[in-house]
Amino acid sequence: MSGKETILVIGSCGQLGTELVESLQKIYGAAQVIAADIRRSNNPVFQNGPFEILDILDQKRLTEIVAKYKPTQVYHLAALLSATAEQKPEFGWKLNMDGLFNVLNLARDGGIIKKIYWPSSIAVFGPNTIRNNTPQYGAMDPTTIYGISKNAGELYAQYYFNRWGIDVRSLRYPGLIGYKSAPGGGTTDYAVQIYHDALEGKTHECFLSEQTTLPMLYMPDALKATLDIMHASAADIKIRTSYNLAGMSFNPNEISEAIKQIIPDFSITYNPDYRQAIADSWPAIIDDSRAREDWGWNPAYTLESMSKDMIDNLQALKGQAI
Ligand code: AKB
């Protein structure tokens, strides 16, 4: 990997950003990875390299940071996720869209940023989408502000590529599950909390119903997909909106059964709330064959192997024995 790249990670303190910064530091060197977020995190990963306070809606501050470090790549992760954006729809739209425009316009006008990563989501799909083996192309009628912003953002990414040659790459993430950092504001986040509850000996009260199947991805696979698409040759990126991406699909009952294989006393109850309607509008199983064909996507983890790894690692972190 080239040592000359400088990478700016916007929204670096979130669930994905924290782990991505750590991976990027290993590849490019800590000094080459500039972490930026609206507030500081005390995760030790941010002590290793430069950190800048950045509100992505502040175009002037973004321009200053880009002028200071001259990043060749930007990972723009700052966004309100599905559940939070439903609580603050106007701000959700503003943050998700204006934040993206600020990055795209600086890449177009500034001549410094050469490549952008911007995540999309399964939230771009809606009730009229085929739910099982959801194809790359088909009905996209998102019902949430988050999904509408991701759908529009995908089209803008493609527009900036077609019109100005801006090299934006994107993945439609399913629910992301990891043990190193907490998720924030997603409809799929129960699938992280459930492991914490299991390890703390608590009953998990699930905000989705027992049979709600959703696509999910374990964090090591999500990191691999993100880095693979960014490292692929531009000619192999044939989809300039965003790629369907999947690892596994399960419902709350199935994940609780997988946990019970390791922690037999674990229990779950169901109390669906407003997030149920969001989940019901999303696909259950994603067809990610275009990512596999175009740049070699191949996830490693299943529900069983992820559950074992999550529990082993959380247990080590919490320093407790089952
Ligand atoms: C959410 O639940 O909002 C996110 C997503 C699927 O994009 N995890």
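Counting starts at 1 for both ligands and their atoms, following the listed order. This one's a predicted model, so the numbers in the text were calculated from it and none came from an experiment.
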Visitor: Tell me every residue that passes ring pair (Phe, Tyr, Trp, His ring centres under 6.0 Å) with Y195, counting only those two or more places apart in sequence or in another chain.
Guide: none
Visitor: Quick one: ring pair (Phe, Tyr, Trp, His ring centres under 6.0 Å) partners of Y301, sequence neighbours excluded?
Guide: Y218
Visitor: When you measure from the side chain of N128 to the backbone of A139, do you find a donor-acceptor pair of N or O atoms at a distance under 3.5 Å?
Guide: no
Visitor: Verify the distance criterion only: is there a donor paired with an acceptor across the side chains of Q87 and Y274 at less than 3.5 Å?
Guide: yes
Visitor: Between the side chains of E154 and S170, is a donor N or O closer than 3.5 angstrom to an acceptor N or O?
Guide: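 Checked: E154/S170 side chains show no N/O donor-acceptor pair below 3.5 Å.
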Visitor: Linking Ile, Leu, Val, Met, Phe, Trp and Tyr by side-chain heavy atoms under 4.5 Å, what else ends up with I130?
Guide: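 Members besides I130: none; it forms no cluster.
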Visitor: Need the list: ligand 1 N/O atoms against protein N/O atoms, distance under 3.5 Å, rounded to one decimal.
Guide:
| unit_1 | atom_1 | unit_2 | atom_2 | d |
| --- | --- | --- | --- | --- |
| ligand 1 | 2 (O) | S82 | OG | 3.4 |
| ligand 1 | 2 (O) | T187 | N | 2.7 |
| ligand 1 | 2 (O) | T188 | N | 3.2 |
| ligand 1 | 2 (O) | T188 | OG1 | 3.3 |
| ligand 1 | 3 (O) | S82 | N | 3.1 |
| ligand 1 | 3 (O) | S82 | OG | 2.5 |
| ligand 1 | 7 (O) | S121 | OG | 2.7 |
| ligand 1 | 7 (O) | Y146 | OH | 2.7 |
| ligand 1 | 8 (N) | T188 | OG1 | 2.9 |

